[in-house]
**Student:** 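Got a structure for you, written out below as structure tokens; questions coming shortly.
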Amino acid sequence: MQIPRNFKKNALTLKKPFFRQDVLDLAPALLGKLIVIDDGNQQRSFRITETEAYRGEEDMACHARKGRTKRTDPMYHTGGILYIYLIYGMHWMTNVVAGEANEPQAALIRSLDTVEGPGRTSKALGIDKGFNYKKLFDSDRIALLDDGLIPTYESLPRVGIDYAGDHWKNIPWRFKLNPSQLTDQ
DNA sequence: TGAGTGATCGTA
DNA sequence: ACGATCACTCAC
């Protein structure tokens, strides 16, 4: 589709209330949404195809299991900002903060229509620490657009959390867009 | 299957 | 101050 020049004021741009949903609703709702990045020179867009939910201090796979720290602080904010962190000294992870203030929740963006894997996703988007805390509903640099695709998806266990114990390791909080929805457009 | 890489946080 | 950990990727 043609991406509007001023996505900040575009009717398709997702607004604050969308992000205040519980992460178990928001993470699957992110599937099929367009993520638009404007680096000042050019604008690029990708469709979100895979997410994971991390939910609260009781979720033993969530960074917030150790409470509020300098790193996890963004997750304690009201939904709609980004939570960005570095993993393995190399890869930036892009997370959308969900829910209300003091409910630490975030959805990891794992894959895009043309990019598989959370590290590669951030790299493709040009996202690094500078995007931490950035608002998705009020930014000239980045926005999420809803062009009407209603996602159908499968739920799977989350990746890379062997330390979290059987319950949290197996709970199906990874969401993958049905691939046929990309070609049906 | 294993090396690379560095911010973060618990322990001191 | 130090050491363990880690929501990963790439090359072998």
Side-chain angles (χ1 to χ4, degrees), chain A residues 18-33 35 37 44 46-136 142 144 151 153-179:
Chain A
F18 173 80
F19 300 100
R20 299 175 77 154
Q21 303 179 75
D22 190 284
V23 72
L24 294 182
D25 298 315
L26 181 68
L30 288 172
L31 299 172
K33 301 298 182 284
I35 179 161
I37 284 271
R44 291 174 303 135
F46 302 84
R47 203 177 288 278
I48 297 171
T49 57
E50 187 180 15
T51 62
E52 278 175 358
Y54 291 87
R55 187 176 187 275
E57 295 181 348
E58 66 273 23
D59 176 1
M60 296 317 275
C62 181
H63 289 166
R65 67 188 179 278
K66 292 173 180 170
R68 191 171 190 156
T69 66
K70 185 167 186 276
R71 180 169 78 150
T72 62
D73 183 69
M75 278 200 282
Y76 286 79
H77 285 239
T78 305
I81 65 170
L82 289 172
Y83 165 43
I84 310 295
Y85 66 92
L86 187 68
I87 190 75
Y88 298 111
M90 275 179 251
H91 309 292
W92 296 104
M93 300 286 106
T94 301
N95 297 257
V96 177
V97 174
E100 301 295 335
N102 299 309
E103 295 175 355
Q105 305 185 340
L108 172 68
I109 301 181
R110 289 195 63 87
S111 299
L112 309 171
D113 44 9
T114 55
V115 187
E116 190 141 339
R120 295 167 177 169
T121 288
S122 300
K123 190 174 180 189
L125 293 168
I127 284 180
D128 61 12
K129 192 75 178 172
F131 283 76
N132 202 22
Y133 290 104
K134 195 166 282 291
K135 291 175 186 152
L136 286 169
I142 185 167
L144 293 183
Y153 58 91
E154 65 177 323
S155 303
L156 302 160
R158 294 173 291 181
V159 173
I161 53 162
D162 287 352
Y163 58 83
D166 282 347
H167 173 70
W168 297 104
K169 181 180 158 184
N170 295 326
I171 197 163
W173 285 358
R174 175 158 60 107
F175 308 100
K176 216 167 154 53
L177 186 70
N178 181 345

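The model shown is predicted, which means the values in this text are computed figures rather than measured ones. Note on naming: letters A, B, ... go to the chains in the order of the sequence lines (proteins, then strands), and numbering restarts at 1 for each one.
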**Student:** Between atom CD1 in A/I87 and atom C1' in B/dC9, what is the gap in whole Å?
**Tutor:**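 So the CD1-C1' distance, A/I87 to B/dC9, works out to 13 Å.
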
**Student:** Ignoring backbone atoms, test whether A/Y163 places a side-chain nitrogen or oxygen under 4.0 Å from the OP1 or OP2 oxygen of C/dA7.
**Tutor:**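 Indeed, a polar side-chain atom of A/Y163 lies that close.
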
**Student:** With nearest nucleotide decided by heavy atoms, which residue, A/K66 or A/L86, maps closer to the 5′ end of DNA chain B?
**Tutor:**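 By nearest-heavy-atom nucleotide position, the 5'-most residue is A/L86.
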
**Student:** From CE of A/M90 over to C1' of B/dT5, roughly how many Å is that when rounded to an integer?
**Tutor:**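 Computing the A/M90:CE to B/dT5:C1' distance gives 4 Å.
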
**Student:** Measure the distance from CE on A/M60 to P on C/dT5 and round it to the nearest whole Å.
**Tutor:**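 Spelled out: CE on A/M60 to P on C/dT5 is 15 Å.
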
**Student:** Mark yes when over 12 heavy atoms from residues, nucleotides or ligands other than A/K70 sit less than 6.0 Å from its NZ; otherwise mark no.
**Tutor:**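 Check fails, neighbour count at 12 or below.
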
**Student:** Grab the NE2-C1' distance between A/H91 and C/dC10 for me, whole Å please.
**Tutor:**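 After rounding, the reported distance stands at 8 Å.
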
**Student:** Using purine N1 to pyrimidine N3 plus N6-O4 or O6-N4 for Watson-Crick, or N1-O2 and O6-N3 for G-U wobble, both under 3.5 Å, which nucleotide pairs with C/dT9?
**Tutor:**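 Paired with B/dA3.
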
**Student:** Determine whether A/W168 and A/R65 make a side-chain contact, defined as any pair of heavy atoms from C-beta on separated by less than 4.5 Å.
**Tutor:**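 A side-chain contact is absent here, since even the closest heavy-atom pair is not under 4.5 Å.
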
**Student:** Counting only side-chain heavy atoms from C-beta out, which of C/dT9, B/dC9, C/dA7 sits nearest to A/Y54?
**Tutor:**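 Of C/dT9, B/dC9, C/dA7, C/dA7 is nearest to the side chain of A/Y54.
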
**Student:** Counting only side-chain nitrogens and oxygens, does A/R71 get under 4.0 Å of the OP1 or OP2 atom of C/dC6?
**Tutor:**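 Answer is no, no contact under 4.0 Å.
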
**Student:** Partner of B/dC9 by Watson-Crick or G-U wobble geometry, both contacts under 3.5 Å, or none?
**Tutor:**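 Answer to the pairing question: C/dG3, which forms a Watson-Crick or G-U pair with B/dC9.
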
**Student:** Taking only side-chain N and O atoms of A/H63, does any of them lie within less than 4.0 angstrom of OP1 or OP2 on C/dA7?
**Tutor:**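 Yes, within the criterion.
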
**Student:** Between A/R110 and C/dC8, is there a contact of a side-chain N or O with OP1 or OP2 at under 4.0 Å?
**Tutor:**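 So the side chain of A/R110 is within the cut-off, an N or O lying under 4.0 Å from OP1 or OP2 of C/dC8.
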
**Student:** Could you tell me if A/Q105 and A/Y83 have a donor-acceptor pair between their side chains, going purely by distance under 3.5 Å?
**Tutor:**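 Side-chain D/A pair, A/Y83 to A/Q105: absent.
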
**Student:** Between C1' on C/dA7 and OH on A/Y88, what's the gap in Å once rounded to a whole number?
**Tutor:**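 Answer to the nearest Å: 8 Å.
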
**Student:** Looking at A/Y133 versus A/H77, is the centre-to-centre ring distance below 6.0 Å?
**Tutor:**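 Ring centres of A/H77 and A/Y133 closer than 6.0 Å.
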
**Student:** Could you tell me whether A/E116 atom CD has more than 12 heavy atoms of other residues or ligands within 6.0 Å of it?
**Tutor:**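 It does not: A/E116 CD has 12 such atoms or fewer within range.
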
**Student:** Going by modelled atom types, is there a donor-acceptor pair between the base of B/dA7 and the side chain of A/Y85 at under 3.5 Å?
**Tutor:**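 Side chain to base: no pair present.
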
**Student:** Check the distance between C/dC8's P and A/R174's CZ and give it to me in whole angstrom.
**Tutor:**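 Roughly 10 Å, once rounded to whole Å.
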
**Student:** Could you pick out which residue, A/G89 or A/K70, lies toward the 5' side of DNA chain B when each is mapped onto its nearest nucleotide?
**Tutor:**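 Looking at the nearest nucleotide for each, A/G89 comes out on the 5' side.
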
